[in-house]
Amino acid sequence: MIGALITRGLTMILGYAYPAYECYKTVETSQPQIEQLHYWCQYWILVAILTILERIGDSFISWFPFYNEAKLAFFVYLWHPKTKGANHVYDSFFRPYVSKHEPHIDRSLTEFKLKASDTAFIYFQRAASYFQTTLFDIFAKFAHQSTTPAAPKPQKQPTTGNEKEEEAKEE
């Protein structure tokens with residue numbers, strides 16, 4: 001338990017915080033080198049893909065012994081200046097796979113965007129219609145209340161002794 005907590009903390013520091021700071025320093029230099037920007041873009045692309053895959057398959061792979069330690073070591077391998085692992089993994093595995101499937105990925109993304117925009121438009125229309133109907137109902141209630149005069153309360157007429165006798169006879 002303590003080991004997993006320490007490993008997660010180190011992964012946050014060495015897998016995310018330190019590389020983010022190094023990327024920041026590269027971007028903020030007065031003349032950033034294209035190679036350095038290229039390297040950090042490769043790193044963050046791989047980290048994003050790994051994070052997505054981990055979220056999907058976490059329940060299947062997280063129980064392996066030393067999983068968190070292996071993940072930490074892999075993150076360090078990716079960014080460490082001596083290994084330049086991000087370049088190797090990107091050029092050897094990621095780029096060939098994505099290049100091979102790029103037309104299919106682009107087509108799927110285009111279809112997804114169209115479906116998402118159609119769905120969003122439909123829900124927007126439904127929400128606008130519901131809002132319009134509700135607003136008209138509220139206005140109609142207010143209009144009905146303001147145009148309908150309140151019914152006057154019947155006034156009691158002074159009673160005479162004869163009316164009391166008549167009421168008693170009716171009973």
Side-chain angles (χ1 to χ4, degrees), residues 1-139 141:
M1 183 71 165
I2 298 293
L5 184 63
I6 291 171
T7 306
R8 283 189 200 148
L10 287 173
T11 300
M12 289 294 163
I13 292 168
L14 297 175
Y16 296 99
Y18 176 75
Y21 182 68
E22 288 296 320
C23 186
Y24 166 80
K25 286 180 16 180
T26 301
V27 168
E28 291 301 316
T29 60
S30 60
Q31 296 283 328
Q33 295 178 357
I34 295 298
E35 298 86 30
Q36 279 299 101
L37 291 174
H38 190 258
Y39 173 77
W40 285 115
C41 284
Q42 289 176 338
Y43 175 83
W44 288 115
I45 290 168
L46 293 173
V47 168
I49 296 300
L50 290 172
T51 302
I52 291 167
L53 293 175
E54 183 183 28
R55 295 293 183 250
I56 294 170
D58 193 40
S59 59
F60 301 112
I61 58 175
S62 64
W63 59 269
F64 282 116
F66 300 108
Y67 166 73
N68 287 324
E69 290 81 0
K71 184 170 86 172
L72 174 61
F74 187 67
F75 278 134
V76 172
Y77 164 75
L78 287 177
W79 63 255
H80 200 276
K82 288 186 180 179
T83 60
K84 298 271 187 186
N87 285 339
H88 176 69
V89 172
Y90 187 89
D91 291 336
S92 299
F93 301 104
F94 186 76
R95 184 184 323 156
Y97 180 81
V98 173
S99 295
K100 179 181 176 182
H101 296 93
E102 192 171 357
H104 175 69
I105 294 169
D106 287 340
R107 186 175 54 253
S108 296
L109 284 174
T110 302
E111 290 172 4
F112 176 76
K113 287 177 187 177
L114 289 172
K115 288 179 183 177
S117 64
D118 289 346
T119 302
F121 183 71
I122 289 168
Y123 280 110
F124 176 75
Q125 282 183 324
R126 287 181 185 172
S129 176
Y130 175 77
F131 178 73
Q132 181 181 16
T133 303
T134 304
L135 193 61
F136 286 153
D137 288 346
I138 291 170
F139 286 149
K141 286 180 184 178

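Just so you know, residue 1 is the first one in the sequence shown, and it goes up from there. Computed from a predicted model, the values in this text were never measured in an experiment.
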task = Determine which pairs satisfy salt bridge (Lys or Arg N to Asp or Glu O under 4.0 Å) with at least one residue from residues 36-49, sequence neighbours left out, and list them in order.
result = none
note = The reported gap from CZ in Phe93 to CG in Leu46 (rounded to nearest 0.5 angstrom) is 11.0 Å
request  = With sequence neighbours excluded, tell me which residues meet ring pair (Phe, Tyr, Trp, His ring centres under 6.0 Å) with His88.
outcome  = none
ask   = What residues, two or more places apart in sequence or in another chain, satisfy side-chain contact (heavy atoms from CB on, under 4.5 Å) together with Ile138?
value = Thr134, Phe142
inquiry  = Is the shortest side-chain heavy-atom distance between Asn87 and Gln42 below 4.5 Å?
reply    = yes
remark   = For Ile13, the side-chain contact (heavy atoms from CB on, under 4.5 Å) test, sequence neighbours excluded, returns none
ask   = Can Phe131 and Phe136 be said to form a side-chain contact (heavy atoms from CB on, under 4.5 Å), step by step?
value = CA-CA 8 Å; Phe131 178 73; Phe136 286 153; over 6 Å; no
key: Verdict with supporting geometry, Thr11 and Asn68, side-chain contact (heavy atoms from CB on, under 4.5 Å)   = CA-CA 8 Å; Thr11 300; Asn68 287 324; 5.7 Å; no
query = How would you list all residue pairs meeting salt bridge (Lys or Arg N to Asp or Glu O under 4.0 Å) that involve residues 21-32, not counting sequence neighbours?
reply = Glu22-Lys25
remark   = For residues 90-111, the salt bridge (Lys or Arg N to Asp or Glu O under 4.0 Å) pairs (sequence neighbours left out) are Asp91-Arg95
task = Could you list all the ring pair (Phe, Tyr, Trp, His ring centres under 6.0 Å) pairs where at least one residue sits in residues 104-128, not counting sequence neighbours?
result = none
inquiry  = If you define the side chain from C-beta out and look only at heavy atoms, does anything of Phe74 sit under 4.5 Å from Leu50?
reply    = yes
inquiry  = Checking the side chain of Trp79 only, and the main-chain atoms of Leu14 only, is there a donor and an acceptor separated by less than 3.5 Å?
reply    = yes
query = What pairs with Thr51 under side chain to side chain donor-acceptor pair (under 3.5 Å), at least two apart in sequence or on another chain?
reply = Tyr16
Tyr97 backbone acceptor or donor facing His101 side chain under 3.5 Å = yes
ask   = In Å, rounded to the nearest 0.5 Å, how long is the span from CE of Met12 to CG of Leu10?
value = 11.0 Å
remark   = Residues at least two apart in sequence or cross-chain that pass ring pair (Phe, Tyr, Trp, His ring centres under 6.0 Å) with Phe94, listed by chain then number, are Tyr90
request  = Please collect all salt bridge (Lys or Arg N to Asp or Glu O under 4.0 Å) contacts where either partner lies in residues 35-54, sequence neighbours excluded, each pair once.
outcome  = Glu54-Lys71
Side-chain (Thr83) to main-chain (His80) donor-acceptor, under 3.5 angstrom = yes
request  = Kindly compute the distance separating OG1 (Thr119) from CG (Leu114), expressed to the nearest 0.5 Å.
outcome  = 10.5 Å
request  = Can you sort out the partners of Tyr24 under ring pair (Phe, Tyr, Trp, His ring centres under 6.0 Å), two or more places apart, ordered by chain and number?
outcome  = none
request  = Begin with the C-alpha distance, continue with both residues' side-chain angles, and end with the deciding distance and a verdict on side-chain contact (heavy atoms from CB on, under 4.5 Å) for Val89 and Tyr77.
outcome  = CA-CA 10 Å; Val89 172; Tyr77 164 75; 3.9 Å; yes
Residues that Leu53 engages under side-chain contact (heavy atoms from CB on, under 4.5 Å), provided they are two or more places apart = Ile49
message = So, taking the atom named CG in Leu72 and the one named CD1 in Ile6, what distance separates them when rounded to the nearest 0.5 Å?
response = 11.5 Å
request  = Would you indicate whether the side-chain heavy atoms of Trp44 and Pro19 approach each other to under 4.5 Å?
outcome  = yes
